[in-house]
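Heads up: the structure comes next, in structure tokens.
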Amino acid sequence: MEKEKTHLFDKPENVKRLLIIFFSSVILLFVLDFFVHKHAHFPWENWPVFYAIFGFVACVILVLVSRFVLRPLVKRKEDYYD
Amino acid sequence: MNAVLPPFMIFILGAFVIPFLRGRVRSVYVVALPVIGLINLLLIPTDTVMTANFLDYELTLVRIDRLSLAFGYIFHIAAFVTVIYILHVKESLEYVAGFVYSGAALGAVFAGDLFTFFVFWETLTVGSVMLIWARRSKASSAAGFRYLLVHVTGGLTLLAGIVMMVVETGSIHFGYIGLTGLSSWLIFMGLGVNCAWPFLHTWLTDAYPEATIGGTVFLSAFTTKTAVYALARAYPGTEVLIWIGVAMAAFPIFFAVIENDLRRVLAYSLVNQVGFMVVGIGIGTELALNGAVAHACNDVLFKGLLFMSMGAVIHRTGKINATDLGGLYKSMPWTAGFCIVGAASISAFPFFSGFVSKSMVMSAAGEGHMVAVWLVLLFASAGVFHHAGIKIPFFAFFGHDAGHRVKEAPKHMLIAMGITAFLCIFNGTFYKPLYSILPYPALYEPYTLSHVVTQTELLFYSALAFTLLLLSGIYPAEIRAINLDFDWLYRKPLVALSNGLATLLNGMNKVVDRLLVKEFTGAVNDAAIDATARLAWVVVVPFIKNKDNPYPKREIFKKKLDAAFATGTSPVGLFAACAGLFIVMLFVFI
């Protein structure tokens, strides 16, 4: 059988490269935040890296609540309604 | 001027020609129809009103103003790209249903009176349910019926409100209503059903993932957006809408995170996005209403694009559950790319469409100093990136390679997705044309350094959370399972109640039928038939000698007696004598 073409993310080094780019941009944004003047509606928007922390914490809470609170409550077998 | 037609007419009348066409002619016709419609719409000057007389009322069939116009444009574009997307479909049903449905949406947004509006509102339901049933599966047929029941209930609520309002005010004009009395509340709730308000939303997450692949793309564009239009027309600045919208923006994202069916994930995120629009309408300032309308236009595009990419995945692999997918970027790179554009747009990345519209609603909440509203919307913005922005592309096209080696999506699907993706980026980057069709002068400036940096920060740190949770294994693995939602109420307890009542009432019916109709009357009947024979037997038994071998004798006698009564040859004299004797005895002793 013909060997399948190797794709972009089949190589672990490419995945690694992507992660490195991603983590560097995350750090870059963190630093950049201190130099940007905010047009704020609320005082906390001026706290340093407020949006970064909010985004991170929001998603962690979202995932934890979904997984450990909501899923046990609502998960049923696929044929539940049949 | 007289050459123009009411916009809905081109779609709805045009739809009925489709069954007579075949092959290439039909393809050209269906693609040309929305183009002709759009040219017609562009030729009609703003603030045009077309009226017709019906009974004692003057109906305003068409009222074109700035609020309705934005929806009119986007509905034409949505119909255009969707019809290109479904060109592989051989049967006419989907095309006809699609055009009737989108034509009804046009009719509803351009309707100037409540009666016309209601007629198109109901036509929307008919068209859309056909798109669900067109899948012709058991699941789609059941979901279609549930969809129909919910919408008919909503439609009747709306109709009740309209009738009461027309009686109260004497006018059928469709304009600002506001929450005043029962009639306005009924109309409000009727609109709320189509707008997928919390607890009323389950028809959407239940039925959309069951429609045909093109059907879902159609559905995602029209029903909820028509409701958004109607709320913006009749209830701008109604405070309760802010809280309804906040709930809509927040709760579906939790369901989306654990949902396995990727089209259902998108259905939840549709509710979430409409939440932003509803908040905008509730705030009711010019900025907020502009934001609601702009976001509605953008949502039609990016949600359509996401549904198209998932439809292409179904078309090629036959699968849609995250557990069955992964690694498709290898065989469907273009679809993957378009999906990422849709994902970036819904997440409101800079240069993608969501960025220039969602932020208007956020800013309006900020300007109104609505702390809780603003915080929940920010949470929802991070959350939507999480489930629609990352989860959809990641689980379908990347992640674990499920081993599907399929062909890229058909060319016409790629063209449809390409056009939509282009418009998503265009609206996000060159936002002026979009802003120029909004109901109020748009002074909002989305591209400030502050906005770009803070929004990118929010999204990248959401992505960071996703990455870390995934790498650490905390991210919930996709499971082959379904998740209950509020439709459980009418799919289980209500069904059980109905079955229970059926068993109880039918059971009672049966028992009563048996006891009174069959057993009791039968027994009376039987008793009456040989009552005299029995009576006679009771009377004569003491007189029969039965010393030695009583039984044969008694039985022979009984047989004789029965036969005598059955044939009417009983020795009446003897009995008459007995009876007479009996009476005499009574007379003597008592």
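Numbers restart at 1 for each chain; the letters A, B, ... are given by sequence-line order, proteins then strands.
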task: Test side-chain contact (heavy atoms from CB on, under 4.5 Å) on Leu62(A) and Phe379(B) and set out the steps.
output: CA-CA 9 Å; Leu62(A) 170 65; Phe379(B) 174 74; 4.2 Å; yes
- line: When every non-hydrogen atom of Gly55(A) is compared with those of Ser462(B), the smallest separation belongs to O-OG, 3.7 Å
message: With a 4.5 Å cut-off on side-chain heavy atoms, are Arg67(A) and Tyr475(B) touching?
response: no
- request: Measure distances from Ala463(B) to the heavy atoms of chain A and classify the residue's part below 4.5 Å as side chain, backbone, both or neither.
  value: both
message: Report which part of Asn321(B) has an atom under 4.5 Å of a heavy atom belonging to chain A: side chain, backbone, both, or neither.
response: side chain
- prompt: Just wondering, more than 12 heavy atoms not from Phe145(B) lying within 6.0 Å of its CZ?
  reply: no
- prompt: Where do Ile479(B) and Arg71(A) land on the side-chain contact (heavy atoms from CB on, under 4.5 Å) test, with the steps shown first?
  reply: CA-CA 10 Å; Ile479(B) 299 178; Arg71(A) 181 173 264 177; 3.2 Å; yes
query: Which atoms of Phe398(B) come close to chain A, meaning under 4.5 Å heavy atom to heavy atom: side chain ones, backbone ones, both, or neither?
result: side chain
query: Does some side-chain heavy atom of Glu45(A) sit less than 4.5 Å from a side-chain heavy atom of Thr454(B)?
result: no
task: Measure Leu468(B) against the heavy atoms of chain A and call it side chain, backbone, both or neither at under 4.5 Å.
output: side chain
Residue, of Val74(A), Leu29(A), Val60(A), Val57(A), that accumulates the most heavy atom pairs under 4.5 Å with chain B: Val74(A)
task: Against chain A, label His369(B) side chain, backbone, both or neither, depending on which of its atoms sit under 4.5 Å from a heavy atom there.
output: both
query: Okay, side chain of Tyr329(B), backbone of Phe9(A): is any donor-acceptor separation there less than 3.5 Å?
result: yes
- line: When the 4.5 angstrom heavy-atom criterion is applied to Thr456(B) and chain A, the contacting part is both
field: Region of His39(A) in contact with chain B, defined by heavy-atom distances below 4.5 Å
entry: both
- prompt: Can you check whether Leu484(B) reaches Tyr80(A) side chain to side chain, under 4.5 Å on heavy atoms?
  reply: yes
- request: Using a cut-off of under 4.5 Å on heavy-atom pairs, state which of Phe255(B), Phe460(B), Trp374(B) scores highest against chain A.
  value: Trp374(B)
query: What option among Ser25(A), Ser66(A), Ala40(A) has the most heavy-atom pairs under 4.5 Å with chain B?
result: Ser66(A)
message: Is it true that, when you exclude Phe35(A) itself, more than 12 heavy atoms of the residues, nucleotides or ligands shown sit nearer than 6.0 Å to its CZ?
response: no
message: I'd like to know whether NZ of Lys492(B) has more than 12 heavy-atom contacts from other residues, nucleotides or ligands below 6.0 angstrom.
response: yes
- prompt: Under a 4.5 Å cut-off applied to non-hydrogen side-chain atoms, are Phe22(A) and Leu464(B) in contact?
  reply: yes
Under 4.5 Å from any heavy atom of chain A - which part of Leu469(B): side chain
- request: Tell me, for Lys77(A) versus chain B, whether the close heavy atoms (under 4.5 Å) come from the side chain, the backbone, both or neither.
  value: backbone
- prompt: What do you reckon, is CZ of Phe199(B) surrounded by more than 12 foreign heavy atoms closer than 6.0 Å?
  reply: no
message: At a 4.5 Å cut-off on heavy atoms, which part of Ser363(B) comes close to chain A: side chain, backbone, both, or neither?
response: both
message: Under a 4.5 Å cutoff for heavy-atom pairs, which residue among Leu378(B), Val453(B), Leu449(B) has the most contacts with chain A?
response: Leu378(B)
- prompt: Which heavy atom in Ala52(A) sits nearest to a heavy atom in Glu457(B), and how many Å separate them?
  reply: N-OE1, 3.1 Å
- prompt: What part of Trp488(B) is in contact with chain A, defined as an atom under 4.5 angstrom from a non-hydrogen atom: side chain, backbone, both or neither?
  reply: both
field: Contacting region of Phe30(A) [heavy-atom separation from chain B under 4.5 Å]
entry: both
message: So Val257(B) and Leu70(A), do their side chains get closer than 4.5 Å, heavy atoms only?
response: no
message: Quick check on Phe42(A) against chain B: is it the side chain, the backbone, both or neither that has a heavy atom closer than 4.5 Å?
response: side chain
- request: Would you give the length of the straight line joining atom OH of Tyr51(A) to atom CG of Leu459(B), rounded to the nearest 0.5 angstrom?
  value: 11.5 Å
field: Residue Glu367(B) versus chain A: region with a heavy atom under 4.5 Å
entry: both
task: Apply the side-chain contact (heavy atoms from CB on, under 4.5 Å) test between Tyr81(A) and each candidate in Asp206(B), Val495(B), Asp487(B); give the one that qualifies.
output: Asp487(B)
- request: Find out whether Leu64(A) and Ile474(B) are in side-chain contact, i.e. whether some heavy atom of one side chain is under 4.5 Å from a heavy atom of the other.
  value: yes
field: Backbone N/O of Glu78(A) and side chain of Arg480(B): donor-acceptor pair under 3.5 Å
entry: no
- request: Could you give me the CA-CA distance, side-chain angles and deciding distance for Val63(A) and His386(B), then say whether side-chain contact (heavy atoms from CB on, under 4.5 Å) is met?
  value: CA-CA 9 Å; Val63(A) 168; His386(B) 205 86; 3.2 Å; yes
- prompt: With side chains defined as the heavy atoms from C-beta onward, is the minimum distance between Val371(B) and Trp44(A) less than 4.5 Å?
  reply: yes
